[in-house]
Every structure is written in C-alpha cells, then in structure tokens.
Amino acid sequence: MEKYKLLIENIKQSDLSEEDKNTLISKLSDNQLDLDDFIKGFLGICSISKEILKLFGIDI
C-alpha cells in the first residue's frame, strides 16, 4: 500500500463518488494487488467506451 500512497491520496481528493473512491482504494490496498483488475475498475468508473478499450486489447 505504501507504494500507492500518492495515488490513494489523489483518489481521496478526486470528485469521484465515495463508493467509487472506496472501490479503487480497496483494490490498491489489497495485499495481492491485481493491477489489471484495478485498471479495469478504474476504466469502468471513468465510463470509457468499450470500443475504445478494444483498440488496446482490454475487455471489461
């Protein structure tokens, strides 16, 4: 978690909903962090079009 301290602080100060903040922070705080899962969750929260994600080979 120490590794992602700055990212967690930025998430806390963002204008995301409390639910979204808690979701992202809990993913980063997990001892067995799955970075792909975090990125997919982040992109889902940001409502990025699935068509755009497919261009990068990401399927959520």
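One-based numbering along the sequence shown.
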**Q** Between atom CG of Asp34 and atom NZ of Lys27, what is the distance when rounded to the nearest 0.5 Å?
**A**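 Rounded to the nearest 0.5 Å, the CG-NZ separation comes out at 8.0 Å.
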**Q** For a quick test of reading the model, state the closest non-hydrogen atom pair linking Leu28 to Leu33 and the distance between them.
**A**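 Result for this residue pair: CA-CD1, 4.0 Å.
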**Q** Locate the shortest heavy-atom distance separating Phe38 from Leu24; write the atom from each residue and the value.
**A** CE1-CD2, 3.6 Å
**Q** May I have the list of side-chain donor-acceptor pairs in residues 10-19 shorter than 3.5 Å, sequence neighbours left out?
**A**
residue, atom, partner, partner atom, Å
Asn10, ND2, Leu6, O, 3.4
Ser14, OG, Ile11, O, 2.7
Ser14, OG, Leu16, N, 3.4
Ser17, OG, Asp20, N, 3.1
Ser17, OG, Asp20, OD2, 3.3

